[in-house]
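The basis for the numbers below is simple: all heavy atoms, side chains too, and nothing from hydrogens, waters or symmetry mates. In what follows, chains carry the letters A, B, and so on, assigned in the order in which the sequence lines appear, proteins first and then strands, with residues in each chain numbered from 1.
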Number of protein chains: 2
Amino acid sequence: MTTIEQSAEAPAVSAGSDAFDAPKRRVGRPRKNVLSRQLIIETGLTLIDEHGVEGAGMRSVAKRLGVRPSALYNHVSGQAELIAGVRELVSDRIPTEAFDHLPWDEALTEWAKVYRRAFVAHPSTIALLAVVPIEGAGATTLMYDRVVDALVRAGWDTSKVLVAIVALESFILGSALDAAAPDDMMKPSDDSAAVAFAEAYRARESALGARETRPADASFELGLRAMVAGLKAEFDASR
Amino acid sequence: MTTIEQSAEAPAVSAGSDAFDAPKRRVGRPRKNVLSRQLIIETGLTLIDEHGVEGAGMRSVAKRLGVRPSALYNHVSGQAELIAGVRELVSDRIPTEAFDHLPWDEALTEWAKVYRRAFVAHPSTIALLAVVPIEGAGATTLMYDRVVDALVRAGWDTSKVLVAIVALESFILGSALDAAAPDDMMKPSDDSAAVAFAEAYRARESALGARETRPADASFELGLRAMVAGLKAEFDASR
DNA sequence: GAGTTAAATGAACAATGTTCTTTTAACCAT
DNA sequence: ATGGTTAAAAGAACATTGTTCATTTAACTC
């Protein structure tokens, strides 16, 4: 459907021989099956964790499994199904237990953190996920229900709670996108006329470098703190 | 670097002959130049608006311009620069005058609104543009410079200002994605066990329906108010 | 006007996702 | 057990993508 980028010169990751399994299998069906749908999808997730989105290629997964690319198609219809499988694998792991034993604002903070972490693993699907209708009876709806319920119990106005949750979710998804970008994404050129920006860039670099924090993480933490505090103020004012 | 998807069977868009210009040009430099960097980038934006992100391919742009793909490389270093150029084109139209005559928090609010509006006009660019490095001397950098400068003058810590701006930007981009989704995106199914969620959904519907407000707009406004208030609190506390 | 530079074509190359054929083994009915 | 069907692997292609290189032609420059 869509190709984002592809470099002919950079061998990138897949050139490295990180095939764990290469027993020179001869042609024909093996006595014991080598692949399964689950194994393929889990390998996809592993490779994404290791090498970023580019790890999710069919050929990369095949290489890691010590198998020819065409063998994957006996278990998976194509890359689309592979990615969808990975997405389910990850988004089913967003826990909501924080709402059981924490005040709503702290629980919301915890939830936002795990939510973002879950999606940073596969950033390229964020746009799709954010625009595609969620199935009305799926795990995602149940997750929302849990959050809505906790906030309403804490005193939130029923007509405002969804508005607030969606606002936080927008920040989470935007932050996940940001985390998918390279750290030096907006590095200023030396001759730039943007002196205030260049100064701020250097100041951030040295402030964060000392704590080994990624810029995207720092922004997420600050923004999350700010937004939850702002929501809390809005909440306190309206009662 | 990365390919997301690519179908061998679906001819998709590029198969259709939407070449506007195919005068069978003979080899060699033409008397009048056919291409320019600006024309290429504007064509890229047009194709993205028409066909989604897949329109931004080098070969698609070349076909639309009635030109061989290799000709593009005389004006643009590659697809990365093309996409970066499209980004500049879009973000070029984001005004920053609010910082001239408003307090920093109000100006930030105005800026966020026009920023989001600019990207909502080209929804399918968001995911693409958010992840691509911005060129150090471009319009985007100058926009950042303007914002950084205003906030620093207002007393913001130089090492924190960029962190805050990126946080707000994440919220803006996430909200733009949300605005690109259909309004009924998370409509609960009638038989759903998610009763709290269904109740909140109905309550939001009637509250917003009275004012003819889109849910995405309501969430953006609430979130923006909350985040700016939170940043202001953070700002006041640190001085 | 000669030499250099710039802008187009045309032909390749590497890498990707995918499909098709072939080979071998598992599974299953008789 | 035996023959037929199905399943799972290899292997060889194909289409499409971004990109590079050589070639051709015209514009620009001294």
Side-chain angles (χ1 to χ4, degrees), chain A residues 1-16 19 21-37 39-40 44 47 51 53-63 65-83 124, chain B residues 1-16 19 21-40 44 47 53-63 65-83 132:
Chain A
M1 218 104 101
T2 282
T3 101
I4 296 293
E5 203 172 329
Q6 200 256 65
S7 167
E9 54 184 347
V13 176
S14 66
D21 192 45
K24 285 167 185 150
R25 221 185 335 273
R26 83 172 181 286
V27 70
R29 181 177 197 166
R31 296 91 189 270
K32 191 150 192 351
N33 284 3
V34 181
L35 297 177
S36 72
R37 193 187 124 93
L39 180 60
I40 290 172
L47 286 177
H51 301 124
V53 220
E54 66 260 27
M58 298 298 279
R59 288 182 129 100
S60 306
V61 171
K63 174 170 265 184
L65 288 170
V67 125
R68 308 267 84 144
S70 53
L72 302 177
Y73 291 81
N74 289 319
H75 304 268
V76 154
S77 70
Q79 193 182 33
E81 185 181 333
L82 169 64
I83 291 181
S124 67
Chain B
M1 217 107 103
T2 281
T3 100
I4 295 297
E5 203 171 329
Q6 198 259 66
S7 169
E9 54 183 347
V13 176
S14 65
D21 194 44
K24 285 166 185 149
R25 223 185 333 274
R26 84 170 181 285
V27 71
R29 181 178 194 166
R31 298 93 192 276
K32 192 151 189 354
N33 285 4
V34 181
L35 297 177
S36 71
R37 193 186 125 92
Q38 205 195 353
L39 180 60
I40 290 171
L47 286 178
V53 264
E54 66 258 28
M58 298 298 279
R59 288 183 129 100
S60 306
V61 171
K63 173 169 265 184
L65 288 171
V67 125
R68 296 276 118 111
S70 52
L72 302 177
Y73 291 81
N74 288 320
H75 304 267
V76 153
S77 70
Q79 193 181 33
E81 188 182 332
L82 168 64
I83 292 179
V132 134

Just the table, please: protein N/O against nucleotides 23-25 of chain D N/O, every pair under 3.5 Å.
{"residue": "dT25(D)", "atom": "O2", "partner": "R29(B)", "partner atom": "N", "Å": "3.1"}

- The reported gap from CG in L65(A) to CG in L72(A) (rounded to nearest 0.5 angstrom) is 7.0 Å
- Query: Would you call L35(B) and N74(B) a side-chain contact if the rule is heavy atoms closer than 4.5 Å?
  - Reply: no
- Check whether any side-chain heavy atom of V61(A) sits under 4.5 Å from a side-chain heavy atom of I40(A), and report yes or no. yes
What integer distance in Å separates [X]:[atom1] from [N]:[atom2]?
X: R37(A); N: dA7(D); atom1: CZ; atom2: P; answer: 17 Å
X: L35(A); N: dT24(C); atom1: CG; atom2: P; answer: 19 Å
X: L72(A); N: dG11(D); atom1: CG; atom2: C1'; answer: 14 Å
X: Y73(B); N: dA12(C); atom1: OH; atom2: P; answer: 18 Å
X: K32(A); N: dC27(C); atom1: NZ; atom2: P; answer: 10 Å
X: R68(B); N: dT17(D); atom1: CZ; atom2: P; answer: 14 Å
X: N74(A); N: dC20(C); atom1: CG; atom2: P; answer: 13 Å
X: R59(A); N: dA14(C); atom1: CZ; atom2: P; answer: 14 Å

- Query: Got a sec, which residues hit side-chain contact (heavy atoms from CB on, under 4.5 Å) with S36(A), two or more places apart in sequence or on another chain?
  - Reply: Q38(A), L39(A)
- Message: Going by side-chain hydrogen bond (donor to acceptor under 3.5 Å, both in side chains), name the residues that satisfy it together with R68(A), two or more places apart in sequence or in a different chain.
- Response: none
- Message: Quick check on the helix from dG1(C)-dC30(D) to dT30(C)-dA1(D): what's the angle between its two end axes, five base pairs per end, to the nearest 10°?
- Response: 10°
- Task: Using a heavy-atom cut-off of under 4.0 Å over every strand shown, decide if A71(A) touches base, sugar-phosphate, or nothing.
- Result: sugar-phosphate
- Item | Touch class at under 4.0 angstrom, heavy-atom based, for N33(A) against every strand present | sugar-phosphate
- Task: Output the single nucleotide from dA8(C), dA27(D), dG18(D) whose closest atom is nearest the side chain of H75(B).
- Result: dA8(C)
Closest contact, heavy atoms only, [X] versus [Y]:
X: R25(A); Y: G66(A); value: NH2-O, 2.6 Å
X: G55(B); Y: S60(B); value: O-CB, 3.6 Å
X: H75(B); Y: R37(B); value: O-CG, 3.7 Å

- Message: Can you list everything that forms a salt bridge (Lys or Arg N to Asp or Glu O under 4.0 Å) with R59(A)? Sequence neighbours excluded, please.
- Response: none
